[in-house]
Trainee: 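Quick one: this structure, given as C-alpha cells, is what I'll be asking you about.
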Amino acid sequence: GRSSVRLLLGLLLLRFNWCSAASGGGAEELAGTFPVVVSTWPFREAVRAAWEVISAADGGGSAVDAVVAGCSACEVLRCDGTVGPGGSPDENGETTLDALIMNGATMEIGAVAAMRYVKDGIKAAKLVMEHSKHTLLVGDKATSFAISMGLPGPSNLSSPESIEKWENWRQNHCQPNFWKNVAPASSCGPYHPINSVSAESEDDVKDVVHDSQGGVCQEWFQNDNLLEPMNSHLKVVNRHNHD
Amino acid sequence: TISMTVIDKMGHIAVGTSTNGATFKIPGRVGDGPIPGSSSYADDEVGACGATGDGDVMMRFLPCYQVVESMRRGMEPLDAARDAISRIARKYPDFVGAVFAINRKGVHAGACHGWTFQYSVRNSSMHDVEVITVYP
C-alpha cells in the first residue's frame, strides 16, 4: 500500500510538467555571502565579468555597473547566439537588439527595443535610464539616441553565421515562421490575411479538420492542388532560439 | 537571452536583460526582453527575478513582476518562481520558459516549463561560478 502511494505521488509530480530547484542553505548562512550575481543559463564569463566589478577590492562598483559589465560580456561573446550582434536574424536577415536595465533602489528603468546598427544593447539601455526621463526607446530612434550619447555605430549587426542561417531558412520556404491565419501557408511572403484572400481568390480554399471531440486540430489550405498545414503551432523556441 | 541580477554589499539590487530575440521573427517584433516585469524586475525591499523563454507568451504574464510581488507578500523564492511559471502553463500548456528568483537575503531558486533550465550563481562563499540545473 505504501509503495502504491509513492507511485501515485510520483505520477502526480510528473503530471505537472514543470520543474524547480532551490539553493541550499538558510537565510542566516547566506546573509554574509554578499555580493551575489545570478544569471540565466551557464554564461560563466558574464557572471565573472559582473563579479569582478561588484567585488573589487576598492569597495566594488555599483550593482548597475556590474549588470552592464556582465551583460556586455555576453554581447561580446554572443552567448549561445542569443545575445548581442551576429545572431537571431529576422525575416529580412537583420539582427536587432532588445535590452533593459533596472535599478532596484530607485525603480529607474531604461530599455531599448528592436534597436538597429548598434552592438551595445545593455549600454544603450543604461544611457536611456541615465540621460532621459523615458523608459523605452525603439527601432531607428533608439539607434539615433544611442549613437548621439556616444556609443559606436552605425554598424552591421549581421555575421556570416546569421546570414547563412537566414539563407538556409529562405531555401526552406521560410519555414518555420511566426505568421498565422495568412496565405501562403508554407512558402515565403508577401502574406495576406486569409479572410481577404478567400474573398479575393477562389483558388485558395480553407478546410478545417476536426478531432473526435469536435475541436479544431489543424487547419489546411488547398492552393495549387497542394494541401499544406499551417505552422502556427510549430515549436520554434529552444535553447538556441529564445528571448 | 541573458537576464542578470546583482546584489551589492549594501544590499542594493540591479537587474538587466540583453537579447537578440527570436530567430526569423517578423521585422518589428519585440519580445519580453525590454518589457519591465517580464524578462526581469527588482526591488531592493524584496528581491529580484530574471526570465528566459518564449517572449511572445511571457510578456503577457509579466512573470518577474509576479515573482517579486509574490515574495513581497511572503512567498519563498522557490514558491514564487513555481507560481509564476504555473500561471503561464495553465493558459499555455506548450509554453517554454523559465525564471529564477532571489530574495534580498540572497536565497535563490529556479522554475521552468517545457525544457531543462540552468542558471549561474556567484557569491562570496564560492571560489567560482556555480551552475544550477533545474531538471524537468
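First the proteins, then the strands, lettered A, B, ... as listed; each starts at 1.
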Trainee: If you take all heavy atoms of A/Val47 and B/Arg122, which pair is closest and at what distance?
Mentor: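 What the structure gives for the nearest pair is CG1-CB, 3.7 Å.
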Trainee: Check each atom of A/Arg78 against the heavy atoms of chain B and say whether the ones under 4.5 Å are side chain, backbone, both or neither.
Mentor: neither
Trainee: Would you name the heavy atoms of B/Asn123 and A/Thr33 that are closest together and state the gap between them?
Mentor: CB-O, 3.2 Å
Trainee: Roughly how far, to the nearest 0.5 Å, is the CG atom of B/Asn20 from the OG1 atom of A/Thr82?
Mentor: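 It comes to 6.0 Å.
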Trainee: Is the NZ atom of B/Lys9 crowded by more than 12 outside heavy atoms at less than 6.0 Å?
Mentor: yes
Trainee: Could you state the interatomic distance from CG (A/Asn103) to CG (B/Asp44), rounded to the nearest 0.5 Å?
Mentor: 7.0 Å
Trainee: Tell me whether B/Thr19 contacts the main-chain N or O of A/Asp243 through its side chain, where contact means a donor paired with an acceptor under 3.5 Å.
Mentor: no
Trainee: Does atom OH of A/Tyr191 have more than 12 heavy-atom neighbours from other groups under 6.0 Å away?
Mentor: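 Atom OH in A/Tyr191 is packed in, count exceeds 12.
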Trainee: Chain A: which of B/Val15, B/Ile13, B/Val46 shares the most heavy-atom pairs with it under 4.5 Å?
Mentor: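 So the answer, after comparing B/Val15, B/Ile13, B/Val46, is B/Val15.
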Trainee: Looking only at heavy atoms, which two atoms of A/Met102 and B/Ala42 are closest? And how far apart?
Mentor: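 Of all heavy-atom pairs spanning A/Met102 and B/Ala42, the closest is CE-O, 3.2 Å.
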Trainee: Of the listed residues (B/Val121, B/Thr5, B/Val131), which shares the most heavy-atom pairs with chain A below a 4.5 Å separation?
Mentor: B/Thr5
Trainee: Side chain, backbone, both or neither: which part of A/Cys74 has a non-hydrogen atom closer than 4.5 Å to chain B?
Mentor: side chain
Trainee: Using side-chain heavy atoms (C-beta onward) and a distance below 4.5 Å, is A/Phe43 in contact with B/Met4?
Mentor: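 Side-chain contact under 4.5 Å: no.
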Trainee: Looking at every non-hydrogen atom in both residues, tell me the closest pair between A/Ala46 and B/Ile2 and how far apart they are.
Mentor: CB-CD1, 3.6 Å
Trainee: Using a 4.5 Å heavy-atom cutoff, which residues in residues 22-40 of chain B come close to chain A?
Mentor: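 So the qualifying residues are B/Ala22, B/Thr23, B/Phe24, B/Lys25, B/Ile26, B/Pro27, B/Arg29, B/Val30, B/Gly31, B/Asp32, B/Gly33, B/Pro34, B/Ile35, B/Pro36, B/Ser40.
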Trainee: Does B/Phe100 reach the side chain of A/Thr40, with side-chain heavy atoms less than 4.5 Å apart?
Mentor: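 Heavy-atom side-chain distance check passes, below 4.5 Å.
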Trainee: For chain A, which of B/Gly21, B/Gly11, B/Gly53, B/Gly55 has the most heavy-atom pairs under 4.5 Å?
Mentor: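 When all of B/Gly21, B/Gly11, B/Gly53, B/Gly55 are compared, B/Gly53 has the most.
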Trainee: Is it the case that the side chain of B/Ser120 and the backbone of A/Trp41 share a donor-acceptor pair, with hydrogens and angles ignored and the cut-off at 3.5 Å?
Mentor: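 Confirmed, B/Ser120 side chain pairs with A/Trp41 backbone.
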Trainee: Can you tell me if B/Met10 has over 12 outside heavy atoms packed within less than 6.0 Å of its CE?
Mentor: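 No.
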Trainee: Quick one: which of A/Ala111, A/Pro42, A/Ala114, A/Gly121 has the most heavy-atom pairs under 4.5 Å with chain B, could you say?
Mentor: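 Of the options given, most contacts go to A/Pro42.
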Trainee: Sequence neighbours left out, what pairs pass salt bridge (charged side-chain N to carboxylate O under 4.0 Å, His left out) with at least one residue falling in residues 163-176 of chain A?
Mentor: none
Trainee: Between B/Asn103 and chain A, which part of the residue has a heavy atom less than 4.5 Å away: side chain, backbone, both or neither?
Mentor: neither
Trainee: Is it the case that atom CD in A/Glu94 sees more than 12 heavy atoms from other parts of the structure closer than 6.0 Å?
Mentor: yes
Trainee: Checking heavy atoms, do the side chain of A/Val68, its backbone, both or neither come under 4.5 Å from chain B?
Mentor: neither
Trainee: Please classify the contact between B/Ala51 and chain A as side chain, backbone, both or neither, with a heavy-atom cut-off of under 4.5 Å.
Mentor: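 Backbone only.
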Trainee: Which atoms of A/Ile109 are under 4.5 Å from chain B, going by heavy atoms: the side chain, the backbone, both sets, or neither?
Mentor: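 Looking at A/Ile109, just its side chain touches chain B.
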Trainee: Quick one: which of A/Val64, A/Ile54, A/Val36, A/Val37 gives a side-chain contact (heavy atoms from CB on, under 4.5 Å) with B/Asp8?
Mentor: A/Ile54
Trainee: Which answer fits A/Thr96, side chain, backbone, both or neither, if we ask what part of it has an atom under 4.5 Å from a heavy atom of chain B?
Mentor: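 It is both, since atoms from each part get that close.
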Trainee: Around A/Glu108, counting heavy atoms of other residues, nucleotides and ligands shown, do more than 12 lie under 6.0 Å from its CD?
Mentor: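 More than 12 within 6.0 Å, yes.
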Trainee: Can you tell me how far the CZ atom of A/Phe34 sits from the CZ atom of B/Arg104, to the nearest 0.5 Å?
Mentor: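 It is 9.0 Å, given to the nearest 0.5 Å.
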Trainee: In terms of heavy-atom proximity below 4.5 Å to chain A, should B/Ile102 be classed as side chain, backbone, both, or neither?
Mentor: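 The answer is the side chain of B/Ile102.
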Trainee: Measure A/Thr135 against the heavy atoms of chain B and call it side chain, backbone, both or neither at under 4.5 Å.
Mentor: side chain
